[in-house]
S.K.: 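Please see the structure below; I have some questions.
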Amino acid sequence: MDSRYNGYNFISALHLVLLPMVLLMCSPALPAIAISCEFPAVFNFGDSNSDTGGLSATFGPAPPPNGETFFGRPSGRYSDGRLIIDFIAESLGLPYLSAYLDSIGTNFSHGANFATGGSTIRMQNKTLFQGGFSPFSLDVQTWQFTQFKSRSQFFFSQGGVFRDLLPSEELFSKALYTFDIGQNDLTAGYHLGLTTDEVKETIPDILNQFTVAIKAIYWQGGRYFWIHNTGPFGCLPYILDNLTLRAPEVDRAGCGSPFNGVAQLFNSLLKETVLQLRKELPLASFTYVDVYSNKYRLISHAREYGFEHPLVACCGHGGVYNYNKNFGCGSKREVNGTEIVIGSCKEPLKRVNWDGVHYTEFANKWIFDQISEGNFSDPPLSLRMACSKEAP
Ligand SMILES: *[C@@H]1O[C@H](CO)[C@@H](O)[C@H](O)[C@H]1NC(C)=O
Ligand SMILES: *[C@@H]1O[C@H](CO)[C@@H](O)[C@H](O)[C@H]1NC(C)=O
Ligand SMILES: *[C@@H]1O[C@H](CO)[C@@H](O)[C@H](O)[C@H]1NC(C)=O
Ligand SMILES: *[C@@H]1O[C@H](CO)[C@@H](O)[C@H](O)[C@H]1NC(C)=O
Ligand SMILES: *[C@@H]1O[C@H](CO)[C@@H](O)[C@H](O)[C@H]1NC(C)=O
């Protein structure tokens with residue numbers, strides 16, 4: 001094995017040995033909860049649920065009214081404001097993550113974001129231009145991470161402004177590595193014409209590829225992994241508008257049950273995959289976070305939590321779900337010789353769904369507040385304690 005890897009293992013092992021000692025020293029005076037991991041950086045991998053500018057930098061900007069609620073302008077996010085990953089960064093006291101693919105105005109001193117809208121775990125055979133998905137699948141994102149790590153270290157060592165823009169080497173083993181990806185692999189199967197049972201059969205291979213990606217990061221020194229499961233995509237307008245024509249069964253909340261069934265199977269196998277990773281990579285900590293049940297609870301009990309019309313897009317056009325894939329949020333349409341822009345609803349702060357595919361800032365904040373304290377995590381560790389292996 002490469003000696004560099006041993007170096008990382010040693011640093012991390014030291015870190016893990018020190019933590020219980022610190023706990024011991026503090027325990028008479030302070031409850032264990034007072035110790036926090038102090039993550040100095042976040043490296044994120046995923047799809048549009050956590051894209052902070054990657055797809056925009058590559059294929060053209062997410063248009064207004066994206067960003068209207070928080071940033072006051074489009075910010076490369078598919079939402080009216082912040083995403084869960086933004087609330088994670090805020091909560092750790094770190095700046096919002098720059099997209100790795102963005103070449104202008106970026107600052108990677110506290111991490112980088114490799115997620116892009118439309119990303120899958122498995123490499124896809126159809127390009128974006130053939131109605132397919134993002135070319136930046138998870139394996140590509142890990143190659144980008146490898147490139148980022150070596151090049152940032154080369155430039156960091158040159159000093160000057162680079163020291164203000166790039167992470168130091170030690171940040172890579174102390175950082176939190178976050179993942180929110182998988183939904184597009186499942187919908188991609190349907191778009192290839194697979195049945196629900198056939199899509200389910202692809203899950204083990206999808207998760208094998210996920211494991212490969214996690215290990216690639218582990219062998220480069222990553223130790224703290226925060227993994228979101230996939231959401232109830234059967235409740236999203238873009239699925240309800242299209243795929244429920246093929247599998248029309250809906251539940252009491254109005255969500256497409258076959259699709260949510262696929263998401264649930266993916267999640268239970270993802271949880272098993274994480275258990276296996278814990279055994280194989282003993283120096284790492286893995287927190288599996290159940291985002292699904294919170295998104296589903298929000299949608300099925302929207303009124304109780306102060307939201308309205310959970311199955312209807314705020315920014316969209318036409319039909320039961322205010323969604324039409326040809327007239328997406330922010331796109332332009334000609335009506336009787338006049339150009340109209342597909343705009344936002346009156347009260348985005350009461351909505352769950354932003355554009356038929358993504359959540360509003362208000363919903364993202366609600367979900368973040370549910371998951372950040374560890375109530376829906378395995379082990380039940382809060383975000384700032386996610387460097388531990390078990391609850392205090
Ligand atoms: C891509 O095509 C190959 C060869 O037909 C197939 O084995 C593979 O499963 C396909 N990948 C996806 C994600 O559909
Ligand atoms: C990059 O961000 C960090 C943290 O916010 C800040 O301290 C640093 O000055 C920034 N670098 C530049 C060149 O603006
Ligand atoms: C559903 O989506 C597929 C793939 O994007 C597309 O070919 C098909 O026309 C859509 N069907 C409807 C009814 O929108
Ligand atoms: C467009 O013009 C037709 C014919 O004058 C009219 O019936 C229709 O309501 C107009 N559509 C809109 C959206 O104004
Ligand atoms: C998490 O659980 C604790 C203890 O049961 C409870 O006090 C707290 O309100 C819960 N937080 C959330 C966001 O559900």
Side-chain angles (χ1 to χ4, degrees), residues 31 33 38-42 47 52 84 86-87 89-99 102 104-113 118-128 130-140 152 155-156 158-168 171 175 181-195 198-210 212-213 266 289-291 293-298 301 304-305 363-385 391-392:
I33 208 117
E38 315 245 328
F39 296 115
V42 172
D47 57 25
T52 56
I84 296 175
D86 294 315
F87 293 115
E90 268 184 27
S91 154
L92 295 174
L94 301 175
Y96 300 129
L97 296 184
S98 289
D102 211 339
I104 297 172
T106 44
N107 182 338
F108 298 112
S109 57
H110 295 280
N113 190 355
S119 286
T120 48
I121 294 172
R122 287 202 298 180
M123 200 178 269
Q124 300 296 306
N125 293 326
K126 259 182 164 179
T127 73
L128 208 55
Q130 299 164 307
F133 289 81
S134 164
F136 307 106
S137 46
L138 186 58
D139 46 358
V140 177
S152 64
F155 284 101
F156 189 88
Q158 318 258 304
V161 69
F162 294 119
R163 290 195 177 244
D164 273 340
L165 288 170
L166 297 171
S168 65
L171 259 63
I181 194 163
Q183 175 176 328
N184 293 322
D185 291 86
L186 304 174
T187 63
Y190 281 104
H191 284 303
L192 287 173
L194 304 187
T195 63
E198 287 167 342
V199 172
K200 287 179 175 170
E201 284 166 20
T202 66
I203 294 174
D205 186 47
I206 295 168
L207 291 172
N208 281 340
Q209 298 303 313
F210 182 75
V212 169
F266 176 86
V289 187
D290 181 11
V291 170
S293 64
N294 287 294
K295 286 184 170 173
Y296 188 77
R297 191 154 49 91
L298 176 58
H301 294 82
E304 221 172 279
Y305 301 119
N364 286 329
K365 175 74 168 70
W366 187 91
I367 296 157
F368 173 76
D369 287 343
Q370 300 303 309
I371 62 174
S372 61
E373 290 309 313
N375 295 27
F376 296 91
S377 297
D378 171 47
L381 292 166
S382 69
L383 180 63
R384 52 188 58 250
M385 292 295 291

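Counting starts at 1 for both ligands and their atoms, in listed order. Both backbone and side-chain heavy atoms feed into the values below; hydrogens, waters and symmetry mates do not.
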S.K.: Establish whether atom 2 (O) of ligand 2 and some protein heavy atom are separated by less than 4.0 angstrom.
M.R.: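 Yes, there is a protein heavy atom closer to it than 4.0 Å.
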S.K.: Distance check, rounded to the nearest 0.5 Å: Asp185 atom CG versus Gln124 atom CD?
M.R.: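 Rounded to the nearest 0.5 Å, the CG-CD separation comes to 6.0 Å.
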S.K.: Students should be able to answer this: which protein heavy-atom is nearest to atom 5 (O) of ligand 2, and at what distance?
M.R.: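 Result: Pro95 CG, 3.8 Å.
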S.K.: Examine distances only and state if a side-chain atom of Gln370 and a backbone atom of Ile367 form a donor-acceptor pair shorter than 3.5 Å.
M.R.: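 Side chain of Gln370 to backbone of Ile367, a donor-acceptor pair under 3.5 Å: no, none is there.
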S.K.: Does ligand 1 have a heavy atom under 4.0 Å from the side chain of Leu192, from its backbone, from both, or from neither?
M.R.: side chain
S.K.: Can you tell me the protein heavy atom closest to atom 4 (C) of ligand 1 and the distance?
M.R.: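 For this ligand atom, the closest protein heavy atom is Asn125 ND2, 4.6 Å.
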S.K.: List every atom of ligand 1 that sits less than 4.0 Å from any heavy atom of Met123, numbering the atoms from 1 in the order shown and giving each element.
M.R.: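 Per the distance check, 13 (C).
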S.K.: As an exercise, state the distance from CG of Leu166 to CZ of Phe156, rounded to the nearest 0.5 Å.
M.R.: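 Separation between the atoms: 8.0 Å.
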S.K.: Would you give the length of the straight line joining atom OG1 of Thr106 to atom CG of Leu165, rounded to the nearest 0.5 angstrom?
M.R.: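 Answer rounded to 0.5 Å: 7.0 Å.
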S.K.: Closest approach of Leu97 and His110, non-hydrogen atoms and distance?
M.R.: CD2-O, 3.9 Å
S.K.: Output the distance between atom CG (Asp205) and atom CZ (Phe210), rounded to the nearest 0.5 Å.
M.R.: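 Rounded to the nearest 0.5 Å, the CG-CZ separation comes out at 14.0 Å.
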S.K.: Against heavy atoms of His110, which atoms of ligand 2 measure under 4.0 Å?
M.R.: 4 (C)
S.K.: Please tell me if atom 7 (O) of ligand 5 is touched by the protein, where touching means a protein heavy-atom distance below 4.0 Å.
M.R.: no
S.K.: So, taking the atom named OG in Ser137 and the one named CD1 in Ile121, what distance separates them when rounded to the nearest 0.5 Å?
M.R.: 10.0 Å
S.K.: For atom 11 (N) of ligand 5, decide whether some protein heavy-atom distance is shorter than 4.0 Å.
M.R.: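 True for atom 11 (N) of ligand 5.
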S.K.: What protein heavy atom sits nearest atom 9 (O) of ligand 1, and how far away is it?
M.R.: Arg122 NH1, 4.3 Å
S.K.: Is the cationic atom of Arg384 (NZ for Lys, CZ for Arg) positioned less than 6.0 Å from the six-membered ring centroid of Phe39 and within 45 degrees of its normal?
M.R.: no
S.K.: Out of Leu166, Leu94, Val161, Asn107, who is nearest to atom 14 (O) of ligand 2 when you count heavy atoms only?
M.R.: Asn107
S.K.: Any N or O on Asn375 sitting closer than 3.5 Å to an N or O of ligand 5?
M.R.: yes
S.K.: Which atoms of ligand 2 have any heavy atom of Asp164 under 4.0 Å away?
M.R.: 1 (C), 8 (C), 10 (C), 11 (N), 12 (C), 13 (C)
S.K.: Considering only protein heavy atoms, which is closest to atom 13 (C) of ligand 5, and at what distance to one decimal place?
M.R.: Asp369 O, 3.5 Å
S.K.: After noting the C-alpha distance and the side-chain angles of Trp366 and Lys295, does the key distance pass the side-chain contact (heavy atoms from CB on, under 4.5 Å) rule?
M.R.: CA-CA 9 Å; Trp366 187 91; Lys295 286 184 170 173; over 6 Å; no
